[in-house]
Protein chains: 2
Amino acid sequence: MTTTTAAQRRAEAKTRFDAFLAACPSRKLLDRISDKWVVLVLCALSGGPHQAEAGNGGGPHPMRYSQLARMLAGVSQKMLTQTLRSLERDGLITRTVTPTVPVTVTYELTDLGRSLLGPVRGLKSWAETHMSTVLANREAYDARA
Amino acid sequence: MTTTTAAQRRAEAKTRFDAFLAACPSRKLLDRISDKWVVLVLCALSGGPHQAEAGNGGGPHPMRYSQLARMLAGVSQKMLTQTLRSLERDGLITRTVTPTVPVTVTYELTDLGRSLLGPVRGLKSWAETHMSTVLANREAYDARA
DNA sequence: CAGGATCCAGTAGGATACTG
DNA sequence: CAGTATCCTACTGGATCCTG
């Protein structure tokens with residue numbers, strides 16, 4: 001019989017869709033940059049166009065772990081380490097250990113990592129242009145409750 | 001005395017940083033598009049450049065709830081509804097109710113929503129170009145355990 | 001048809017303490 | 001200095017049932 005066909009086909013469709021998503025490069029990228037700290041670390045390593053603190057207008061430069069930790073004061077060291085590891089794993093940054101007296105570890109963007117800054121800046125640009133409108137829409141929507 | 005100064009200053013810095021993030025437009029946008037289904041819905045409403053099913057090469061078109069649910073088979077109706085609501089709230093899509101016999105609800109991208117497709121396609125493009133490299137890096141990293 | 005309401009598991013991620 | 005290890009909470013998001 002075909003009593004459960006509808007549910008079955010739904011389940012099948014879901015499976016196929018999930019498989020599709022698992023293979024989708026865009027989805028993988030989104031999963032990566034969604035990681036809440038990934039983009040912040042990337043920007044920090046790119047010379048940091050967002051920090052209101054040290055006025056460094058220079059180019060992209062290597063950074064030490066503790067520098068990053070100070071710049072991104074809101075991230076726990078657990079997440080910072082985890083984020084750095086995953087970025088290194090993906091080949092977006094390099095991790096260099098210099099065996100000085102207390103070890104020195106520096107992180108730096110790879111070419112691949114730098115290439116990702118382009119699209120990211122695209123998002124940033126859109127955000128700076130349109131986000132205020134979005135926020136206004138939000139308020140308006142909530143107000144007409 | 002200044003015994004706890006270090007911890008205090010850390011906490012202060014974190015507070016400032018969190019406040020900064022809360023105000024940062026880019027962060028807000030990231031929070032939005034991280035929503036796991038937002039981008040999928042946006043793409044679906046844009047004419048869906050990613051589905052392997054119906055070969056519709058046409059332009060952006062309104063879509064009914066059930067159409068979306070079928071296309072994005074992997075999303076629960078709860079999340080679909082939630083996503084659609086938040087996008088409507090942000091003014092990225094419109095929701096139109098037509099009181100036919102069983103009600104008909106259609107969703108459509110607004111101009112604002114369409115403008116977001118640009119940056120998103122930027123990401124998509126990067127993903128399609130570089131994601132295989134990232135995956136290779138990942139495997140290499142894991143292999144050298 | 002389009003969604004609201006409820007329950008529930010998995011996990012992201014923060015706080016804290018310890019180490020080579 | 002640059003992490004690792006452990007514990008614990010809160011939220012995300014799926015499944016299921018119900019409604020105008």
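In what follows, chains are A, B, ... by sequence order, proteins preceding strands, each numbered from 1. Only heavy atoms go into these numbers, but all of them, side chains included; no hydrogens, no water, no symmetry mates.
Salt-bridge annotation for B/K36 and A/D31: absent, with no side-chain N of the basic residue lying under 4.0 Å from a carboxylate O of the acidic one. Remark: A/D111 engages A/R114 in a salt bridge, criterion side-chain N to carboxylate O under 4.0 Å. Salt-bridge formation is detected for the pair A/K14/A/D18: a Lys NZ or Arg NE/NH1/NH2 atom is positioned less than 4.0 Å from an Asp or Glu carboxylate oxygen.
A sub-4.0 Å separation between OP1 or OP2 of D/dC1 and a side-chain N or O of A/R64 is absent. When the side-chain nitrogen and oxygen atoms of B/Y65 are compared with OP1 and OP2 of C/dG4, none of them lie within a distance under 4.0 Å.
B/K36 has its NZ atom 11 Å from the C1' atom of C/dG10, to the nearest Å. As rounded to whole Å, 14 Å separates atom P of C/dG3 from atom CG of B/L72. If you take NZ of B/K14 and P of C/dA15, they are 5 Å apart, rounded to a whole angstrom. Between the CD atom of B/Q67 and the P atom of C/dG3 there is a distance of 13 Å, given to the nearest Å. Across the protein-nucleic acid pair, B/M79 atom CE and C/dG10 atom C1' stand 15 Å apart, rounded to whole Å. Atoms CD (B/Q82) and P (C/dT6) sit 15 Å apart, rounded to a whole Å. Protein atom CZ of B/R10 is 11 Å distant from nucleotide atom P of C/dA15, rounded to whole Å. Nucleotide D/dC1 holds its P atom 14 Å from the CG atom of A/L80, rounded to whole Å.
A donor and an acceptor atom, one from each side chain of A/R32 and A/S86, are located under 3.5 Å apart. No hydrogens or angles considered: a donor-acceptor pair under 3.5 Å links the side chains of A/T81 and A/Y65.
Here D/dG14 is the nucleotide among C/dA2, D/dG14, C/dG4 with the atom lying nearest to any side-chain atom of B/W37. Distances were taken from every side-chain heavy atom of A/S66 (C-beta onward) to each of D/dC1, D/dG14, C/dG14; the shortest belongs to D/dC1. Nearest to the side chain of A/V103, among D/dA2, D/dT16, C/dA17, sits D/dA2. The side chain of B/R95 sits closest to C/dA2 out of C/dA2, D/dT16, C/dC1. Side chain of B/Q77, nearest nucleotide from D/dG3, C/dG3, C/dG14: C/dG3. Nearest to the side chain of A/V105, among D/dG3, C/dG3, D/dG14, sits D/dG3.
Between A/K78 and A/L84, it is A/L84 whose nearest contact on DNA chain D lies nearer the 5' terminus. Each of A/T81 and B/D35 was matched to the nucleotide of DNA chain D holding its nearest heavy atom; the match closer to the 5' end belongs to A/T81.
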